Structures are given as structure tokens and as C-alpha cells.
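Here's the structure, in C-alpha cells; my notes come after.
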Number of protein chains: 2
Amino acid sequence: MATIYEVSKLAGVSLATVSRVMNNNANVSDATRKKVTAAMDELGYRPNSIAQSLASNCSNSVGLLVSELHGPFYGPMMSGIENTFRNQKKHLIIAAGHSNEEREKQGIEFLISRNCDGLILHVEAVSDDYLIKLSKSQVPFVLINRFISELSDRCIILNNIKGGYLATKHVLEQGHKQIAYISGPLWKKDAQDRLEGHKKALAEYGLPFDEQLLYQGDFMEASGFTGLKTLYQHAKPFSAVICANDEMATGAMASARELGLTLPDQLSIMGYDNVFFTRHVYPPLSTINYPINEMGKMAADWVLSHVYQKQTAPLQTVFEPELVVRQSITTNPQ
Amino acid sequence: MATIYEVSKLAGVSLATVSRVMNNNANVSDATRKKVTAAMDELGYRPNSIAQSLASNCSNSVGLLVSELHGPFYGPMMSGIENTFRNQKKHLIIAAGHSNEEREKQGIEFLISRNCDGLILHVEAVSDDYLIKLSKSQVPFVLINRFISELSDRCIILNNIKGGYLATKHVLEQGHKQIAYISGPLWKKDAQDRLEGHKKALAEYGLPFDEQLLYQGDFMEASGFTGLKTLYQHAKPFSAVICANDEMATGAMASARELGLTLPDQLSIMGYDNVFFTRHVYPPLSTINYPINEMGKMAADWVLSHVYQKQTAPLQTVFEPELVVRQSITTNPQ
DNA sequence: TTGAAAGCGTTACCAT
DNA sequence: ATGGTAACGCTTTCAA
């Protein structure tokens with residue numbers, strides 16, 4: 001592999017000049033620039049990005065930590081991010097945190113040890129304090145789907161209260177009055193917010209919130225399954241169940257069928273996230289759109305702007321959810 | 001950030017010695033090793049991986065090119081890969097090729113320009129020749145889901161003929177005799193193989209293969225939709241349709257419902273890949289398992305073994321598909 | 001077992 | 001506009 005040194009020799013110029021044309025920087029005369037590029041072509045020269053990184057103290061790499069690489073949620077997010085970075089010649093180093101505190105910390109450590117210039121973090125288990133402390137350190141980072149007031153300018157989030165509100169309002173508008181709710185784990189802010197939105201909509205319709213109609217799940221499919229089952233067996237009757245995410249809604253669907261209910265006639269089900277497979281379940285699931293792809297892009301823009309001082313479209317920090325009506329909610333029940 | 005130099009000064013040893021204990025290499029006396037680690041702790045020393053890479057000519061990074069970062073197929077593959085690499089302190093640089101020749105080439109170029117020590121490629125659009133040429137160059141790479149005989153030792157593939165055979169055999173065993181087939185794009189080897197397996201099973205049951213019952217799709221959902229529709233409207237009757245992947249099967253399901261068919265009674269549908277959402281469609285889709293997660297891990301092991309000379313479990317190059325029976329195939333039709 | 005010193009391939013500052 | 005040269009932080013001979 002040819003080095004900058006050989007290029008400089010062949011072109012009859014100094015190292016510095018070659019470097020200048022590489023970074024098509026500074027003032028280089030057209031004549032020498034041509035000489036140099038010709039030499040590069042002749043030698044098939046490729047800059048060594050590692051040497052560049054060392055000398056410039058900039059690795060051009062940004063770390064991305066997600067909970068899982070699989071699953072319907074992270075794919076679109078990573079897509080958006082990868083795309084905007086590649087156009088900018090930055091590269092993505094990806095690690096998984098598995099929603100587990102130790103592994104999230106390890107992942108962050110790992111990314112930092114890889115000399116990432118910046119980090120995009122989708123973390124769930126690590127504490128606010130940890131992140132606040134981290135923010136005092138070297139590496140700049142932006143958070144997706146997490147709000148910490150001390151770090152509010154670097155939190156890219158969805159308005160979950162509104163999303164929760166929209167979901168329940170839609171169900172109410174279809175005439176449902178007895179509505180069960182399967183929440184996420186309530187120590188998570190997004191789970192709280194979605195529930196809060198639910199209550200808000202209920203209140204707006206003059207309906208009391210009934211603890212008996214609430215089941216606390218964990219955002220995973222299985223908890224939707226058992227959630228619906230326990231609600232159905234132990235609670236008062238309800239004609240609709242709202243799930244705090246699509247995975248649980250899917251679990252609830254399976255559960256409903258096992259209970260012998262025909263969907264959506266005997267039970268309406270509402271999801272949240274608009275994960276891609278919700279179109280494919282049967283009946284197609286009504287849900288709340290979570291523009292995770294756009295939010296990923298925004299996180300990438302944040303990094304571009306804050307870490308690399310690039311011009312980007314104006315940064316936006318909170319995104320708005322939208323109702324997606326499909327066929328899992330029945331009208332005028334009973 | 002402390003450097004190796006400061007550590008050496010504090011510990012009262014040379015640079016070389018510090019380097020030795022970092023790579024807990026060579027023979028270093030316990031005494032000095034202790035001194036050095038103590039100094040490191042005191043300074044909070046973290047090795048600079050970029051400097052290490054430059055000096056050692058090893059970036060400890062491996063490039064992964066997939067078609068898409070989202071979608072049900074690549075997630076599990078990336079998961080398997082990330083996991084085995086992180087344990088080995090290697091990191092993954094991910095790029096997307098979008099099943100497009102130019103972008104795949106760009107992606108590979110990009111990864112190479114990032115000084116990856118090795119590459120894992122899931123490419124579809126790039127030619128065999130290109131890859132053969134690439135194999136003569138510096139970077140070692142392994143291919144997933146692609147077979148090139150000249151490169152057979154670095155092709156990690158599924159036995160698709162067998163998979164296609166298994167799928168059709170299962171349908172035949174349930175008593176179906178008129179079976180339609182929606183294939184992938186037939187210029188792709190895997191699509192060909194799956195179809196070949198289909199024909200083989202048919203032949204085994206003494207049934208002729210009927211071109212009229214074949215629709216060539218493109219592995220995307222929409223083609224399953226239109227595929228079923230055109231088959232249904234123009235072809236002779238059939239009681240089952242076998243799709244060359246789950247996405248198309250999902251499209252076919254939607255199509256069937258639009259045609260007013262009740263599933264699975266009036267039409268049995270078979271998928272391929274066992275992508276995770278197949279459990280959630282209704283009726284749950286019978287399909288062929290594609291152990292993509294394991295294959296990803298194997299690719300990672302290949303790299304570990306061939307690039308980093310690490311000991312790994314024995315390498316396996318072709319994987320076997322398995323039948324997954326759910327509820328989308330009806331028994332004894334008509 | 002340890003140390004000295006020459007790289008690794010760039011960038012960036014200071015001259016000219 | 002161009003060149004000289006010291007970093008960048010580590011690894012890796014080669015000697016001792």
C-alpha cells in the first residue's frame with residue numbers, strides 16, 4: 001500500500017502538500033494539485049484512516065449503543081443513523097446493551113475505548129446519575145428515547161403523554177367505556193408517560209381510572225399474554241384493552257384467542273409504536289406511530305452538528321406521535 | 001488522558017515494559033508488572049486503540065455489510081456476530097448495501113477504507129467476478145448466504161434445495177395436490193435452489209411441475225400479494241401456495257383475504273425463513289427455519305479463526321433448514 | 001527480564 | 001503556495 005511519502009516523492013512535493021490536497025484544504029496551486037492527484041492515481045494511493053485518526057485526534061467513528069440488534073424497533077433506527085453517517089464518511093460502531101445495566105456500561109466503555117468521537121445511546125438500565133456523570137467526561141453523546149432534565153438538550157424523545165392520550169382517545173371515540181390497560185414497567189419514564197396520557201383521555205371523557213383494569217407488563221410479548229389473561233379472569237368486564245406497546249399487544253392477541261374471543265368483535269386491542277409487523281397481525285393492529293427512523297436521523301444530525309461542527313437541518317428534540325388506525329378496534333361495542 | 005509514556009515514568013520502567021504488561025505478553029517479572037499496573041491505575045490509564053492499531057497494523061475492527069439494517073432477517077444475524085466479537089474485543093463496523101450493486105461496492109470500499117481487518121459480507125447485487133477479484137486483494141472476507149464455487153471455503157450458506165424440498169413435502173403430506181409456488185427472483189441462486197427443492201418434492205410424489213402454477217416474485221411482500229392474485233385469477237385452481245420466503249407469504253395472506261378466502265381452510269400458505277413475526281401473523285405461518293443467527297456466529301468465528309488466528313469451534317459452512325409447523329396449512333383439502 | 005530507539009502514516013505548526 | 005519537522009501513542013525489533 002502506497003503511503004503519502006511515496007506520493008510526495010513521485011509528485012516531487014512535500015508531505016505537507018500531499019496532505020493538503022487530500023484534505024482539499026488550504027491554498028494549493030492548481031498545478032501542484034494536479035501533479036499530486038496524478039501521482040496518487042498512479043500509485044493507487046489510499047489514505048490510511050488510522051494514521052489520520054491518530055494524527056488528527058479524530059477517529060471519524062461514532063458509537064451506537066442499542067438494546068438489541070434484532071427486534072423490530074432498532075432496525076429502523078439504525079438504518080436512519082447509518083445512512084446519514086455514511087454520506088459524511090463517518091462510520092458507525094455498534095454495540096448491544098441488552099437492557100441490562102452492566103452490559104450497557106460495558107458497551108459504553110467499549111465504545112469509548114474504541115475512540116469514538118461521539119456516542120448515540122439508547123439505554124434503559126443505566127441510571128440518570130451515571131449518564132450525568134458521563135456527560136462531564138470527554139465524549140459527547142446524545143440520548144434516544146430517554147429524558148433527563150439536566151441533559152435535556154441532548155435527549156431525543158417522543159411525546160409519550162400525547163401518544164398515550166391519542167391511543168385512548170381513539171378507543172373512547174369508538175364508543176368503548178370499559179377499557180383495560182397493559183402498561184410497561186412503571187419505573188420507566190416512557191411507560192409512565194403513556195399511562196399518564198391514557199388517564200388524561202379517560203378524564204376528558206369523564207371516566208374514572210380504575211386500578212383493577214390496569215396490569216403492569218414489561219414491554220415484552222409474554223407479559224401482554226399473561227396480562228390480558230389475568231385481567232380477563234380477575235377484573236371486571238372490558239371491551240377494549242390498550243397495550244403500551246405493540247409486542248404486548250401481540251401477546252394480548254394470542255391470549256385473547258386462547259380465551260376463545262374473536263377479534264376484534266369481542267375485544268378491541270390497541271398497540272403502540274407502529275412496529276412494522278403490526279400490519280401483518282390479524283386483525284391489523286391500530287397503534288401509535290413512533291417515528292423512530294426520523295429520530296435516529298436526528299440523533300445522527302445532533303452528532304454531526306455537535307461533534308463535527310457540520311451544518312445540519314435544525315435540530316429537533318421532541319417528536320410527535322400519530323394515531324394509526326387499522327382494524328383492531330371495533331365500533332360501538334355491546 | 002494519560003499515555004503510556006507517563007505510565008512508564010511513574011512506574012520507573014521503559015515504554016517497552018509498559019507495552020509488555022498491557023499485552024500481558026512476554027516475560028515481565030511479577031514485581032515490575034505490579035509496579036506498572038499500579039501506575040496505570042493511579043493515572044487512570046486507558047490505552048489508545050488507534051495508536052495501537054497504527055503501530056501493530058491491526059485495527060481490531062471487522063466490517064459487516066448487510067442489505068438492510070432493518071427488516072426481520074438481518075437483526076438476528078447481526079446479533080450473533082456482535083456478540084461473539086465483543087467478547088473478543090473486536091468491534092463491528094456496519095454498513096448497508098441495499099441490494100444494489102453500486103451501493104454494495106461502495107459499502108465494501110468504505111469498510112476497507114476503514115482499515116477493517118476482515119469483512120463479513122451479505123451481498124446480493126455484486127457479481128461473482130467482483131468477489132473473486134476481491135478475494136485476491138488484502139482483506140480477507142467471508143460470505144453469508146452466497147455460494148461461489150471458487151470461494152467455497154468462505155461461503156456460509158443454507159441448504160436451500162433441502163429447504164425447498166421440506167416445505168413442499170410437508171404440504172404434500174397434508175394431502176395437497178394442486179400447489180402454486182411464488183418464487184424469488186430466479187437469477188438469485190437461493191431462489192433457484194428453493195424452487196428446485198420444490199420440484200424435487202413434487203417429483204417424488206409423482207406430481208408434474210406446472211409452469212402455470214408458478215409466479216416469480218422478488219422476495220418482497222408486495223410481490224407475494226400480486227403473485228397470489230394473478231395466480232388465483234389466471235391459473236388453474238390450487239389449494240395451497242408455497243412462498244419462497246415469509247415476506248411474500250405475508251403478502252399472499254393479505255391478498256388471499258382480499259380475495260375473500262378464509263385462511264387456512266380455503267387456502268394453505270407456506271413460508272420460508274422463519275422470520276420472527278411469522279408467529280404473529282394469523283394463522284401462524286408454517287415455514288422453514290433459517291438459522292441465520294447461528295450462521296452469523298459462524299461467520300464471526302470464521303473471521304476470528306482466519307484473520308485473528310484464534311481458536312474457535314470447528315467451522316461449518318453449510319447449514320441445514322428445518323420444517324416449522326404452525327397453522328397455515330390445512331389437512332386433507334377438498 | 002528490561003531498555004533504547006526506530007517505525008506506523010498521517011496532520012499541523014512554523015518557516016520560508 | 002510550499003516545505004521541514006515535530007508530534008500522535010503505541011508496538012516491535014535489537015541489544016544488553
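Keep in mind the model is a prediction, meaning the values are calculated, not measured. Protein chains get the first letters and strands the later ones, always in sequence-line order, with residue 1 at the start of each.
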A:D190 and A:R146 ion-paired at < 4.0 Å: no
Less than 4.0 angstrom from a charged side-chain N to a carboxylate O is my criterion; do B:K105 and B:E109 meet it? no
Looking only at the side chain of B:L54 (C-beta and beyond, no hydrogens), which of the listed nucleotides C:dT1, C:dT10, C:dC8 gets closest? C:dC8
Between C:dG3, D:dC10, C:dT10, which nucleotide gets closest to the side-chain atoms of B:A51? D:dC10
What contact category does [X] fall into here, base, sugar-phosphate, or nothing, at under 4.0 angstrom with non-hydrogen atoms?
X: B:V13; result: sugar-phosphate
X: B:T32; result: sugar-phosphate
X: B:N57; result: nothing

If you look at every heavy atom in A:G63 and A:C116, which pair is closest and at what distance? N-SG, 3.4 Å
Ignoring backbone atoms, establish whether [X] has a side-chain N or O less than 4.0 Å from OP1 or OP2 of [N].
X: A:Y5; N: C:dG7; result: no
X: B:S53; N: D:dC10; result: no
X: A:T3; N: C:dG9; result: no

Please identify each residue that fulfils salt bridge (charged side-chain N to carboxylate O under 4.0 Å, His left out) with B:R114, with sequence neighbours left out. none
Using modelled atom types only, decide if a donor and an acceptor are shared between the side chain of B:N293 and the backbone of B:P76 within a distance under 3.5 Å. yes
Check: B:E82 side chain, B:T84 main-chain N or O, donor-acceptor pair, under 3.5 Å: no
Using a cut-off of under 3.5 Å, enumerate the N/O to N/O pairs linking the protein to nucleotides 12-15 of chain C.
none

